[in-house]
Amino acid sequence: MSTLALPSRDNYLDNGFSLWSWLSSIDHKRIAILYAISITLFFFIGGAAATLMRLELITPTGDLVSAETYNKLFTMHGVIMVWFFLIPSIPSTFGNFLVPLMIGARDLAFPRLNLASWYLYVAGGLFTVGALIAGGVDTGWTFYTPFSTMFSNTHVIADAAGVFVVGFSSILTGLNFIVTIHKMRAPGMTWFRLPLFVWSMYATAIIFVLATPVLAMTLFLLAIERFAGVGVFDPALGGDPLLFQHLFWFYSHPAVYVMILPAMGVASEIITCFARRNVFAYRSMAFAVLAIAIIGFLVWGHHMFVSGQSIYAGMVFSILTFLVAIPSAIKVFNWTATLYKGSIRFDAPMLYLLGFVALFTIGGMTGLILASLALDVHLHDTYFVIAHFHYIMVGGAVMAFLGAVHFWWPKITGRLYSDRWARFAAIVVFVGFNLTFFPQFILGYLGMPRRYHEYPAQFQVLNVLSSAGASVLAIGYLLPLFYLYWSLRYGPRAGPNPWGAKGLEWQTSSPPPVDNFATIPIVTEAPYQYAPVESGHG
Amino acid sequence: MLDGAGDAMWSFPLHPPADSSLATRVDILFYAWLGIAGVVTLVIFVLIVYFCVKYRHGSSADRRMESGPQLRRDSHRIEIAWIATPLLIFVVMFAWAADLYYVHAAPPANATEVYIVGKQWMWKLEHPGGQREIDELHVPAGRPVKLVMTSQDVIHSFFMPVFRIKQDVLPGRYTMLWFTATKPGDYHVFCSQYCGTDHARMIGHVVVMAPAAYARWLSSGNASQSMAQEGAARFRQYGCSGCHGENASVHAPRLEGIFGGRVQLSDGSSVVVDERYIHDSVMLPRKQVVAGYQPIMPSFQGQIAEDDLLDIIEYIKSLRDASPGEIR
C-alpha cells in the first residue's frame, strides 16, 4: 500500500456525484451500495410475485390467475429470491462493505474484479428479467429434468443463462474474500482476532468457490439437452433424471448455507454489541461456521429421500444432516449464553436479531423433523417444507439482513434513523412472518403439496390465515423504505460509533473515508472486549 | 367421507386422517419429535426472555462473574454438555426414523400388485386382472397392496397423505410403494412433484373397500381380459413375437421362464430380469445385450405407451414357469 498516493480524507459518498463515478467505482464501499440497490429492487420484484401467489391461494379454485401464470409466478419468486436476493444479500452488500473495514484493510484484494462481479450480477439479472418479459418460465426454481429440458414450452434457457452468469459473480466475490482475508489483515489481526462476521464471510466464500461451478456445469448440461437434444437427463434419450437432482442439490444445498452463514455472522456482531458482552465461546463459534460449510457439502441427498435414490444412501444423508445441525445448535446456545450477565439494550438491530434467533431456532427444529427419513416420506414436497425453509431463509436470513441494515446504516450513510419506527417495523415483520408461515406447517402435515394453484376446500382456512399474514409482512417490509429514506434526507449525523460497538469499522468516521482509515490500525486484542458491567446503572 | 371434498371449508382438521398401521407409527414419531423440539425450543426461548429481562440495561442484577481458570472450566463443561445432548437426541431420532423407513422399504411377498402410469396430468392404473382405472385406486382393507409405478413423460409423485407415504414416479424406471389400509374410506391422492401446467389438478382418490366389496368391485369391473392376456395381444401387435416367438427366423433370446432369474450379458456381467430390465430392453435395447446375441433389436422408444409395456411385462411375468416354445 505504500506505493499509493496519500489516502484521501474525503468520505466515500462525497468522492464524485455523477452516475459514472458510481458505475466505474472500484471502491468496495460504493460497489456494496450498487449491490444494495440492485438486490433491494429484486427483493421487491420477488416479493410482488409472492404477493400475487398468496392472493391466488385465498380461494381453493384458481380464479385470480391461470395455472400457467401461477407456475411462472412461483418460478420467478424462487429464481429471483434465491439467486438475485438471498445469495448475494449479506455477502455482496455487507461483506463487501465491511470485510476490509473489519480487518483493517483499504479495499478488497481485487477491486476491479469486485466491480466486474457486480456487472456480472447485472448481466445475469438482465437475462432473467428478459426471460420474464418474454413470457416467463414455468419450471420452478429447481429446473427438474426432464420437465425443464424436454417438456416446458417457456424460456428455460434464457432463465438458466441468467443464473449461470450470476453464478460467476458469486465465484469472483468468493475468490476476492478468501484472498483478502488471508493476505490483507492489519498488523496484529490474527485469525482468532477476526470478528465472527469475517469468519462467516470466509466460510461463505469457500462455498461460493467450490459449489457454484457445479451449478454452472449442471445448467450447461441442461441447456445442451434442451437445445441440442443431447441425452444427459431425459431417459427417452438415454439420460438419467436423478443425475440432475444430484448435481443440482450438490450446489443448492450448500447454497442454503450461503444464505444462513452470513446471517449467523451478523447475529454474533449485533448480540455482542447490544448485550455489551464478549461472545460466549468465540473459538467454537468460528469452528462451527467452518464445520457447517464443510459438512454442508455432504447432505444434498436429503432432498431426494423419495426420489428413487437408494434407501442406504438415504440413511447416510439423513445422519449427515443431523450432524450438520449440531454446529447450528451450538451457535444458538452460544448466542443465548452471550446474553447472560450482559447489559442488554433493545434498539432496532437487537429486536431484529432476537427475532432472527427465535425464527432460526424454529426453522432448525423443523429441519430435524424433515431429516428424519420416515417423516420426510410424508412431508416431502408439502407446505411443511415450504414453511421450514422460509423460517430459515426469510425468518433467518432476511431478519438478519434487516438487522444488519439497521446496525450498519449509521456507518454506511453517516445518518441516524427513527429508532421508534424501526422497532415498530421489526415487530410488524416478526408478527406478519409467523402469521404467514406457521399455518403452512399444519397445511403440510395435513398433506397439501407445494406448487398447487388450486387445492381442496379443507385447506382454505389455513391458507387464508397465511395470506392475511403475508399482507402484514408486506407492510413490515415496506416500512423501512420510508423511514430510511427520511433518514437519508433529514436524519441527524451519526458520529463514528453511535452504538458504542467494538470492531475496527467503528473506529473510523461515518461514512468512512475513501481509503477507510487515516492510518492502518494496529490490533492488540481479541474482538468484543466490552468492558464488564459489575452491576446496574452501567 | 371423502376427506374434505364437498365439506364446508370450516370442517378442516388439524390432524390428517390415518388409515394404515404405518400412518399411526409415523404420527407417533412425529409427535415425539414435536414434543422434544418443542421442549428444547421452549427452554431456549424462556432463557432468552429471562436474560433479556434480568440483564436489561440499567437493571441492578448482579453481573459479577467467575474469572480465570474456573470460568474456562465452566465454559468447557457447558459447551461439552450442549454438544453431547443434541448428539444423543439426534442419534436416537435418526435410528427411530431410519428403522421405520427401512422396515417399510420392502413389500410383503403376498402383496396385491397394481400398476400405475403417470402422465401429464392423470394417473392411469391397471390391476393384474385387467381392470383399468383413471385417477382412482380401489384397494382392499387389511391386505398389503404394492404399487409398481412409472411415468410416460416427466417426474410425478404418488402421494397418499392418509397412509403418510409418497414416492416419485420416474420416466424410464419403475418405483414402488406399498401399504396396508386398515379401514374402508375414500381419500386423496396428490401428485406432489411439480409436473407442469395442471400439476394441481393431478388429484385422484384411493378407495379402501372391505374385502368382500372389493371382490365384487373386481368382478363387476370393466376388464375383458387380464393384464397378461392383454399383454399377449400387445406382444403380437407390436411384432415382438416375430422375433421372440417359436417360429422366428431371427436369432433373438427366448422369453419363457426368464423372469426373476439372471441372464448373462455380452459384456460379461449379469443382470436380474425384472420390470426395469424388460423395460430398458424394449426402449433402449442396446444398453444391455444378452450374451450370444447381436444387437439388432430396434428401439420402441416413442412407439409403445408405458401402460401397454406394463401389459407386456405382465405377460412375460406370466411365462415365469413356462417352457420354451410357449410363445407362438
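Letters A, B, ... mirror the listed sequences (proteins, then strands); counts begin at 1.
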Is there a donor-acceptor pair closer than 3.5 Å between any side-chain N or O of A:Glu454 and the backbone N or O of B:Ala200?
no

Is a side-chain donor or acceptor of B:Tyr194 paired with a backbone partner of A:Asp138 at a separation under 3.5 angstrom?
yes

Who among [options] has the most heavy-atom pairs with chain B under 4.5 Å?
options: A:Leu443, A:Ile319, A:Ile442, A:Ile362; result: A:Ile319
options: A:Gly342, A:Gly238, A:Ser372, A:Gly140; result: A:Gly342
options: A:Met315, A:Met304, A:His453; result: A:Met315
options: A:Leu379, A:Ile330, A:Ile326; result: A:Ile326
options: A:Arg450, A:His380, A:Met350; result: A:His380
options: A:Pro60, A:Gly308, A:Ala358, A:Ala329; result: A:Ala358

Between [atom1] on residue [X] and [atom2] on residue [Y], distance to nearest 0.5 Å:
X: B:Ile48; Y: A:Ile271; atom1: CD1; atom2: CD1; value: 7.0 Å
X: B:Ile44; Y: A:Trp335; atom1: CD1; atom2: CH2; value: 11.0 Å
X: B:Phe45; Y: A:Leu354; atom1: CZ; atom2: CG; value: 10.5 Å
X: A:Asp240; Y: B:Arg173; atom1: CG; atom2: CZ; value: 5.5 Å
X: B:Ile89; Y: A:Leu368; atom1: CD1; atom2: CG; value: 9.5 Å
X: A:Leu446; Y: B:His188; atom1: CG; atom2: NE2; value: 12.0 Å

Under 4.5 Å from a heavy atom of chain B, the part of A:Arg283 involved
neither

Tell me, side chain or backbone of A:Ala275 under 4.5 Å from chain B's heavy atoms, or both, or neither?
neither

Audit row: B:Asp62, A:Lys341, salt bridge (Lys or Arg N to Asp or Glu O under 4.0 Å) steps and yes/no
CA-CA 8 Å; B:Asp62 182 9; A:Lys341 301 211 170 179; 5.0 Å; no

Stepwise, does the side chain to side chain contact (heavy atoms under 4.5 Å, CB included) test hold for A:Met150 with B:Val154?
CA-CA 9 Å; A:Met150 308 309 284; B:Val154 301; over 6 Å; no

Which of B:Met283, B:Gln120, B:His104 touches chain A most, by non-hydrogen pairs under 4.5 Å
B:Gln120

With chain A as the partner, which of B:Ser192, B:Ala37, B:Ser157 has the greatest number of non-hydrogen pairs under 4.5 Å?
B:Ser192

Set out, in order, the CA-CA distance, both residues' side-chain angles and the distance that settles side chain to side chain contact (heavy atoms under 4.5 Å, CB included) for B:Ile78 and A:Phe280, then state yes or no.
CA-CA 11 Å; B:Ile78 292 170; A:Phe280 183 86; 4.3 Å; yes

Which heavy-atom pair separates A:Pro235 from B:Gly172 by the least distance, and what is that distance?
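Here A:Pro235 and B:Gly172 meet closest at CB-CA, 4.1 Å.
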
Minimum heavy-atom distance B:Gln167-A:Val306, with the two atoms named
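Looking at all heavy atoms of both residues, the closest pair is NE2-O, 3.1 Å.
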
Please flag which part of B:His76 lies under 4.5 Å from any non-hydrogen atom of chain A: side chain, backbone, both or neither.
neither

Check against side chain to side chain contact (heavy atoms under 4.5 Å, CB included), B:His57 and A:Phe346
CA-CA 9 Å; B:His57 175 72; A:Phe346 299 98; over 6 Å; no

Is the [X] ring parallel, tilted or perpendicular to the [Y] ring (thresholds 30°, 60°)?
X: B:Phe190; Y: A:Tyr452; result: perpendicular
X: B:Tyr101; Y: A:Phe305; result: tilted
X: B:Tyr55; Y: A:Tyr340; result: perpendicular

